[in-house]
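Notes follow the structure.
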Amino acid sequence: MSVRIVFLGPLRDLAGTVEREVPAPLDWDGLLGIVEPAIAAQLLDERINVACAGRVLGDKSMLAAKDGDEVALLPPVSGG
Amino acid sequence: MSVRIVFLGPLRDLAGTVEREVPAPLDWDGLLGIVEPAIAAQLLDERINVACAGRVLGDKSMLAAKDGDEVALLPPVSGG
Amino acid sequence: MGEALASFNAAYDQAGATVAFLGKVRPDGGARALELTHYEPLTLPAMNTLAAEASARFSLSGVLVWHRIGVLTPGQPIVLVSTAAAHRRCAFDAVDFLMDHLKSAAWFWKREKRADGWHWIEPRAADYADLNRWK
Amino acid sequence: MGEALASFNAAYDQAGATVAFLGKVRPDGGARALELTHYEPLTLPAMNTLAAEASARFSLSGVLVWHRIGVLTPGQPIVLVSTAAAHRRCAFDAVDFLMDHLKSAAWFWKREKRADGWHWIEPRAADYADLNRWK
């Protein structure tokens, strides 16, 4: 019964890891409580997106990850 | 002692030929008098350029072609 | 790049206009390498959606979007975008649109290795302004 | 096209951005062939001047301009323009600038063969408007 949190881009450095397994289910308050304070602070920035099970959430505070879901924390992108 | 007049683009059809040898020297009035009236009428259109000896004339009425020069009559272009 | 464009072009030989953009790693400010990471579950679906959007919006006959990941050195290609359309303006605008979106709305993150280590690159304000042109 | 761009790109591998435009004969309105003529004493010098102007104006690392003459059929290439620059915007604008000038300010004349014979093509008002953007 777990959820995998994946840290992308600069969040990877802040977390000191690429991914982490945490107990399922996981909602927004659960996420903010389980990550490092520095990452929780970042998550409140509106430019940080959250994806769950391969879909970017329109409203990240509605996060509802269940067993087996992957939750990706997506900082501002820079491709091209 | 001659000047070659070269007809480009649609002027070629109006002239019925690609080029014509005429006596040198040739100035603007001489040119207007020696070409077909339909072409003379076109030459008065400001969009028609005239080149002499490989240079486009800023003011075509200053044409002064001497023996051996080529005078090109250049209608509006359409490349690309 | 040559082969990709040659075959892309051959596939759309009835389209009057083909435009291609190739972006490479610049040797700016002493950068020794560029690393591109992505989030795989989102990357390809989002690129497909973006290509379909460009295709409909600019009446394209064809569209090609390639984006590399991994560690790249100066001079190496990062991104290749090509579009085919009946008219030049549509093909141009579509490449512009695609590049603006790949820069600040696709799931890639870039960091640069300089003498003092790795530095993450955030999109600049100008990149967001470019993106907003299409809204 | 592929080979030309591959070697152009290889020649300017330190430029961050390469843009290419390829224009082909469209099978529009039942056109069976397109004939392009030019005035040889002016064509190449004027194209060189144009390329040098684009190069200075848009800070290009490299510029390539090819224009065909003769009788061409639908699907065949007419014009290939490519630019290399440090930044995308310059490379894009330079191709745009070059194409606008090749369309209505270079020494080429175009006529089209339709079912009822050959028809000369004059630049459209839009082509002149495009050209005036750069003045």
Side-chain angles (χ1 to χ4, degrees), chain C residues 1-29 31 34 61 64 72-100 102-103 124 126-127 129-130 133, chain D residues 1-29 31 34 61 64 72-100 102-103 124 126-127 129-130 133:
Chain C
M1 179 210 192
E3 283 170 46
L5 289 181
S7 54
F8 179 76
N9 183 46
Y12 302 104
D13 67 333
Q14 302 301 300
T18 306
V19 171
F21 172 79
L22 180 72
K24 283 171 289 185
V25 183
R26 273 195 314 262
D28 277 12
L34 194 67
S61 312
L64 175 151
L72 308 172
T73 52
Q76 289 194 307
I78 306 170
V79 59
L80 175 63
V81 168
S82 188
T83 61
H87 298 280
R88 177 162 63 107
R89 187 55 45 210
C90 285
F92 258 116
D93 288 349
V95 171
D96 223 5
F97 171 93
L98 288 163
M99 282 307 305
D100 284 344
L102 287 173
K103 267 206 128 44
R124 303 163 304 149
D127 293 329
D130 284 346
R133 294 189 294 152
Chain D
M1 179 207 193
E3 284 171 46
L5 289 181
S7 54
F8 179 75
N9 183 47
Y12 302 104
D13 68 333
Q14 301 301 302
T18 305
V19 172
F21 171 79
L22 180 72
K24 283 172 287 185
V25 183
R26 273 196 313 263
D28 277 11
L34 194 68
S61 312
L64 174 152
L72 307 172
T73 52
Q76 289 194 307
I78 306 171
V79 60
L80 175 63
V81 168
S82 189
T83 60
H87 297 281
R88 177 161 62 106
R89 186 57 44 211
C90 285
F92 257 116
D93 289 349
V95 170
D96 223 4
F97 171 91
L98 288 163
M99 282 307 305
D100 284 343
L102 287 172
K103 266 206 129 44
R124 302 161 307 148
D127 293 330
D130 284 346
R133 293 189 294 150

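Values in this document were obtained by computation on a predicted structure and should not be read as measured data.
- Classification of the C:Phe21-D:Phe92 ring pair by plane angle, with boundaries at 30° and 60°, yields parallel.
- When every heavy atom of C:Lys24 is checked against every heavy atom of D:Ala15, the shortest pair comes out as CE-O, 3.2 Å.
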Requested in this report: May I have the step-by-step check of side-chain contact (heavy atoms from CB on, under 4.5 Å) for C:His87 and D:Arg26, ending in yes or no?
Outcome: CA-CA 9 Å; C:His87 298 280; D:Arg26 273 196 313 263; 3.4 Å; yes
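- Ranked by heavy-atom pairs under 4.5 Å with chain C, the first of D:Asp13, D:Thr18, D:Leu5, D:Asn9 is D:Thr18.
- In terms of heavy-atom pairs under 4.5 Å with chain D, the best-connected choice from C:Ala91, C:Ala10, C:Ala84, C:Ala17 is C:Ala17.
- Smallest separation of non-hydrogen atoms from C:Gln14 and D:Gly75: NE2-CA, 4.2 Å.
- Heavy atoms closer than 4.5 Å to chain D are found in the side chain of C:Asp130, but not in its backbone.
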Query raised in the report: Would C:Val19 and D:Met99 count as a side-chain contact (heavy atoms from CB on, under 4.5 Å) if you check the C-alpha gap in whole Å, the side-chain angles of each, and the deciding distance to 0.1 Å?
Result: CA-CA 12 Å; C:Val19 171; D:Met99 282 307 305; over 6 Å; no
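- For the set D:Ser7, D:Ala86, D:Gly23, the count of heavy-atom pairs under 4.5 angstrom toward chain C peaks at D:Ala86.
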Report task. Tell me, with the steps shown, if D:Arg88 and C:Val79 meet side-chain contact (heavy atoms from CB on, under 4.5 Å). Result -> CA-CA 12 Å; D:Arg88 177 161 62 106; C:Val79 59; over 6 Å; no
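- Within a 6.0 Å radius of CD in D:Gln76, more than 12 heavy atoms belonging to other residues, nucleotides or ligands are found.
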